[in-house]
Colleague: 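One structure is given below, represented as structure tokens, and several questions about it will come after.
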Amino acid sequence: MYWSKLFIPTLRETPAEAEVVSHALLLRGGYIRQLAAGIYSYLFLAQRSLLKIMRIIREEMDGIGAQEMFLPALHPADLWRESGRWDVMGDNMFRLKDRFERELCLGMTHEEVMTHIARGELRSYKQLPQIWYQIQTKFRDEPRPKSGLLRVRQFLMKDSYSFDLGPEGLDAAYEKHYQAYCRIFDRCGLEYIVVEAHSGAMGGSQSHEFMVKADAGEDYVVQCTGCDYAANLEKAASKPVPPRGPDPEGDLEPEKFPTPGRKTIAEIADFTGLPESSQIKSLVMVADGKPVLVLLRGDHALSETKLQAVTGATEIRPAHPDEIREWFGADAGSLGPVGVTNMPVLADEALKGRRNMICGANEDGYHLRHVTPDEDFQAEYHDLREVADGDTCASCGARLGVIKTVEVGHIFKLGYKYSESMGLKVLTEDGKEIPVIMGSYGIGVERILSAAVELYHDEDGMALPAAIAPFEVVITPVNKSNDDQRSAAEQLYARCKAAGLDALYDDRDERAGVKFKDADLIGIPYRITVGKKLAGGKVEIVERRTRQSEDVALSEAVDYLAEKIRQAKQ
RNA sequence: CGGGGCGUGGCGCAGCCUGGUAGCGCACCUGCCUUGGGCGCAGGGGGUCGCAGGUUCGAAUCCUGCCGCCCCGACCA
């Protein structure tokens with residue numbers, strides 16, 4: 001295509017609202033424009049790139065026998081009431097009414113609609129297994145859209161759903177998706193890690209997330225430096241670093257001591273001269289309206305996700321100060337488990353076997369020393385602690401690190417959640433009616449583009465992988481008024497097209513500097529520069545990412561480049 | 001929802017405190033010039049100063065309310 005005819009509104013300066021790199025560059029590169037908070041228009045370049053991503057996704061999904069469909073974005077409320085998610089989704093769901101006051105919503109995901117189709121049509125085990133997918137716009141009324149395309153209220157998702165007769169079938173569908181996702185992200189040129197994840201409100205047993213390392217990301221991933229263990233921080237387990245010092249020996253009795261004005265773990269550590277790891281941290285949480293006392297080692301943090309999993313609660317929140325006063329007769333900062341009988345006490349496993357620790361006395365301004373779990377109070381032990389950077393790996397003992405990531409894909413074993421609540425059953429070979437087991441699998445299409453920009457950019461702009469860049473090569477005559485250069489460039493462009501390359505011809509009447517800056521900004525992976533060296537029959541092939549430049553004979557340039565691009569796309 | 005910041009030509013910003021002509025750089029248009037990293041010169045077009053109300057002879061500027069956007073937190077599939 002001829003650049004002079006295209007709408008590629010590049011910006012010299014970064015719009016003030018863009019803080020993360022991918023947002024700033026997609027805006028500057030003329031890929032996207034914002035319409036409202038978390039709502040973006042995808043202009044020509046973005047659309048081209050997204051179409052390439054979607055094509056890769058389609059090829060790989062089709063490759064595992066998945067069948068593409070296209071479902072409505074507008075859903076009746078009753079369907080969501082059947083699965084119970086009309087209420088669960090809360091304010092995150094866009095809701096509306098039609099002219100007859102019937103309630104509707106905009107689809108956040110499509111388990112309900114897919115299950116609706118399945119239950120209407122699937123009758124026999126002979127029709128299983130099935131994998132259905134679509135690429136569709138999803139709507140989520142995020143409390144805080146942010147970071148350009150990374151967290152938005154309307155976005156494209158490839159979502160697929162598997163239907164199987166039993167757990168072995170689900171395992172197979174899950175594995176197929178796992179492999180297909182790896183191929184998709186490989187082909188898109190991303191570096192990513194696959195982590196064990198928490199299945200959250202989707203329900204279900206097992207899940208993995210596909211994560212791309214990026215400072216702009218919001219998900220924390222724990223990664224082992226020694227083995228291949230990796231998990232979402234919400235779910236990760238580890239061996240904690242040992243306490244700073246040994247516990248005092250002996251069968252000591254709890255003893256109250258004054259700690260005037262000292263409330264935090266750090267203040268008590270400072271006051272007693274003992275490490276934070278010698279204290280019991282007491283947190284009062286409210287799980288579905290019921291209080292629970294959570295105990296952790298002083299230097300550890302609570303994983304609310306783990307607590308939620310342990311309690312089975314749908315909503316977890318810290319107790320309000322007045323609730324704490326009512327239940328404990330003291331304020332946060334002086335709380336402890338000794339003598340607590342009016343609520344369940346859950347303790348993190350790191351407290352098991354510890355002796356003579358310090359905790360609050362449930363009396364303002366006082367703490368207890370010599371408190372020993374299982375002797376001075378009873379608790380139920382669970383893994384409740386959030387892994388910290390520097391913990392050791394539970395499987396190999398090496399050091400764990402915590403990194404920030406962007407989630408680009410997520411696969412879930414749903415189990416029977418939707419088939420049971422919505423009545424999706426088939427007859428088995430021996431005539432029994434059984435619910436179908438399901439899986440669901442998602443990819444955030446725009447996030448692939450954003451993550452690629454986060455991963456591959458420099459001070460001049462993006463350096464996109466060839467497979468997903470809006471064009472594979474840009475042909476840049478340095479001086480358009482030079483007839484030789486112009487005709488050589490036109491010839492190269494024609495040959496690129498003939499060779500099947502996705503080429504952009506920068507025929508604009510601009511100075512070379514402008515063309516180079518723009519090409520760098522929008523991230524086209526290769527550039528053929530037609531300039532002075534043409535006199536000697538040569539043109540330059542420049543690789544965007546490495547900035548390496550090679551002089552190649554005009555006649556060989558296209559074949560040479562076509563081979564390079566073929567390799568880059570694998 | 002809590003905290004903070006910001007709304008002035010397409011983009012980046014100044015002007016506001018101390019009320020009186022709306023300004024700068026980039027971009028855009030025309031002409032000349034230039035042609036290997038966002039050239040140069042000359043001329044030109046474009047702004048309800050987020051919205052509404054109030055104070056005032058007079059409001060971008062002061063006051064009140066609202067709206068929008070960004071960031072931090074809460075939340076999150």
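Small disclaimer: the values here were computed from a predicted structure and weren't measured. Note on naming: letters A, B, ... go to the chains in the order of the sequence lines (proteins, then strands), and numbering restarts at 1 for each one.
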Colleague: Between A:D219 (CG) and B:rC75 (P), how many Å, whole number?
Modeller: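 Between P of B:rC75 and CG of A:D219: 14 Å.
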
Colleague: Which pairs would a plain distance check flag for residues 4-12 of chain A, meaning a side-chain donor or acceptor within less than 3.5 Å of a matching protein atom at least two apart in sequence or in another chain?
Modeller:
| from | atom 1 | to | atom 2 | distance (Å) |
| --- | --- | --- | --- | --- |
| A:S4 | OG | A:D507 | OD1 | 3.1 |
| A:S4 | OG | A:D507 | OD2 | 2.6 |
| A:T10 | OG1 | A:D518 | OD1 | 3.0 |

Colleague: Sequence neighbours excluded, which residues qualify as side chain to side chain contact (heavy atoms under 4.5 Å, CB included) partners of A:Y220?
Modeller: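 A:Y220 satisfies side chain to side chain contact (heavy atoms under 4.5 Å, CB included) with A:L233, A:V402, A:K404 only.
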
Colleague: Measure CG/A:L27 against P/B:rC70 and give the value in whole Å, please.
Modeller: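 After rounding, the reported distance stands at 11 Å.
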
Colleague: Please write out the pairs of protein N or O atoms and N or O atoms of nucleotides 1-6 of chain B separated by less than 3.5 Å, giving the distance to one decimal.
Modeller:
none

Colleague: Once you round it to whole Å, what is the distance between C1' of B:rC75 and CD of A:Q308?
Modeller: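 After rounding, the gap between these two atoms is 12 Å.
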
Colleague: Can you tell me the distance, in whole Å, between the CD atom of A:E17 and the P atom of B:rC69?
Modeller: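 Nearest whole value for this atom pair: 11 Å.
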
Colleague: Could you please name the partner base of B:rG2, counting Watson-Crick and G-U wobble pairs only when both distances are under 3.5 Å?
Modeller: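 Pairing partner, where one exists within any strand: B:rC72.
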
Colleague: Checking A:R119 now: which residues fulfil salt bridge (charged side-chain N to carboxylate O under 4.0 Å, His left out) with it, not counting sequence neighbours?
Modeller: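 For A:R119, the residues satisfying salt bridge (charged side-chain N to carboxylate O under 4.0 Å, His left out) (neighbours in sequence not counted) are A:E82.
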
Colleague: B:rC11 and B:rC6: how far apart are their C1' atoms, nearest whole angstrom?
Modeller: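 Looking at atom C1' only, B:rC11 and B:rC6 are 16 Å apart.
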
Colleague: Can you name the residues that form a salt bridge (charged side-chain N to carboxylate O under 4.0 Å, His left out) with A:K146, not counting sequence neighbours?
Modeller: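 A:K146: salt bridge (charged side-chain N to carboxylate O under 4.0 Å, His left out) contacts with A:E218.
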
Colleague: Between A:L35 and A:P15, which residue's closest nucleotide on RNA chain B lies nearer the 5′ terminus?
Modeller: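 Result: A:P15.
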
Colleague: Which part of the nucleic acid does A:S147 contact within heavy-atom distance under 4.0 Å: base, sugar-phosphate only, or nothing?
Modeller: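 Sugar-phosphate, no base atom in range.
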
Colleague: Return the set of residues passing ring pair (Phe, Tyr, Trp, His ring centres under 6.0 Å) with A:Y192 (not counting sequence neighbours), or none when no residue passes.
Modeller: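 Scan of A:Y192 (ring pair (Phe, Tyr, Trp, His ring centres under 6.0 Å), adjacent residues dropped) gives A:F185.
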
Colleague: Who is the Watson-Crick or G-U wobble partner of B:rG45, with both distances under 3.5 Å?
Modeller: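 Partner of B:rG45: none.
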
Colleague: Listed by chain and number, what are the ring pair (Phe, Tyr, Trp, His ring centres under 6.0 Å) partners of A:F139, not counting sequence neighbours?
Modeller: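 A:F139 satisfies ring pair (Phe, Tyr, Trp, His ring centres under 6.0 Å) with no other residue.
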
Colleague: For B:rC24 and B:rG19, measure between their P atoms and round to the nearest Å.
Modeller: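 After rounding to an integer number of Å, I get 24 Å for this pair.
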
Colleague: How close or far is atom P of B:rC75 from atom CD of A:E218, stated in whole angstroms?
Modeller: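 For the pair A:E218 CD and B:rC75 P, the rounded distance is 13 Å.
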
Colleague: Filter on side-chain hydrogen bond (donor to acceptor under 3.5 Å, both in side chains), then keep only pairs touching residues 13-29 of chain A, sequence neighbours left out; what's left?
Modeller: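 Sorted pair list: A:S22-A:E454, A:H23-A:Y40.
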
Colleague: Work out how far the P atom of B:rA60 is from that of B:rU55, and round it to whole angstrom.
Modeller: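 16 Å, rounded to whole Å.
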
Colleague: Roughly how many Å apart are B:rA22 and B:rG46, using the P atom of each and rounding to a whole number?
Modeller: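 To the nearest whole Å, 14 Å.
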
Colleague: Reading RNA chain B from 5' onward, which residue's closest nucleotide shows up sooner: A:F155 or A:A18?
Modeller: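 Going by which nucleotide is closer to the 5' end, it is A:A18.
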
Colleague: Can you find a heavy atom in the side chain of A:L170 that is under 4.5 Å from one in the side chain of A:M438?
Modeller: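 In short, these two side chains do not touch, never coming nearer than 4.5 Å.
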
Colleague: To the nearest Å, how far apart are A:E142 CD and B:rG73 C1'?
Modeller: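 The distance from CD of A:E142 to C1' of B:rG73 comes to 15 Å, rounded to the nearest Å.
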
Colleague: When rounded to the nearest Å, what value does the distance between P atoms of B:rA14 and B:rC62 take?
Modeller: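 Taking atom P in both B:rA14 and B:rC62, they lie 15 Å apart.
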
Colleague: Salt bridge (Lys or Arg N to Asp or Glu O under 4.0 Å), that's the test. Do A:E111 and A:K417 meet it? Break it down for me.
Modeller: CA-CA 10 Å; A:E111 280 78 10; A:K417 179 180 160 95; over 6 Å; no

Colleague: Students often get this wrong, so: under 4.0 angstrom with heavy atoms, is A:T476 touching a base, only sugar-phosphate, or nothing?
Modeller: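 No contact.
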
Colleague: Rounding to an integer number of angstrom, what distance separates B:rC49 and B:rG7 when you compare their P atoms?
Modeller: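 Rounded to whole Å, the distance is 15 Å.
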
Colleague: Mind listing the N/O atom pairs, protein and nucleotides 43-51 of chain B, below 3.5 Å?
Modeller:
none

Colleague: Got a sec, which residues hit salt bridge (charged side-chain N to carboxylate O under 4.0 Å, His left out) with A:E556, two or more places apart in sequence or on another chain?
Modeller: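 Not a single residue meets the salt bridge (charged side-chain N to carboxylate O under 4.0 Å, His left out) criterion with A:E556.
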
Colleague: Could you tell me which residues satisfy side chain to side chain contact (heavy atoms under 4.5 Å, CB included) with A:K235, sequence neighbours excluded, listed by chain and number?
Modeller: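 Expected list: A:E196, A:H198.
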
Colleague: Taking B:rG25 as the reference, what is the distance to B:rC72 when you measure between their P atoms (whole Å, please)?
Modeller: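 Rounded to whole Å, the distance is 34 Å.
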
Colleague: Grab the NZ-P distance between A:K146 and B:rC69 for me, whole Å please.
Modeller: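 Rounded to the whole Å, the gap is 16 Å.
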
Colleague: Can you tell me how far P in B:rC71 sits from the matching atom in B:rA59, rounded to whole Å?
Modeller: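 Pairwise P distance, B:rC71 against B:rA59, rounds to 36 Å.
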
Colleague: May I ask which nucleotide in the shown strands pairs with B:rG25, Watson-Crick or G-U wobble, both distances under 3.5 Å?
Modeller: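 Pairing partner: B:rC11.
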
Colleague: Which part of the nucleic acid, if any, lies within reach of A:A16 when heavy atoms closer than 4.0 Å are counted: base, sugar-phosphate only, or nothing?
Modeller: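 Touches sugar-phosphate only.
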
Colleague: What I want to find out is whether A:R547 reaches A:D520 closely enough, with some N-O distance under 4.0 Å, to be called a salt bridge.
Modeller: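 Yes, charged N to carboxylate O under 4.0 Å.
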
Colleague: Between A:R385 and A:D299, is there a side-chain N and carboxylate O pair less than 4.0 Å apart?
Modeller: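 Here A:R385 does not pair with A:D299 in a salt bridge, since their nearest N and O are not under 4.0 Å apart.
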
Colleague: Return a single string for nucleotides 27-39 of chain B, one symbol per nucleotide in 5' to 3' order, where B is base contact, S is sugar-phosphate-only contact and - is none, cutoff 4.0 angstrom on heavy atoms.
Modeller: S------BBBBBB

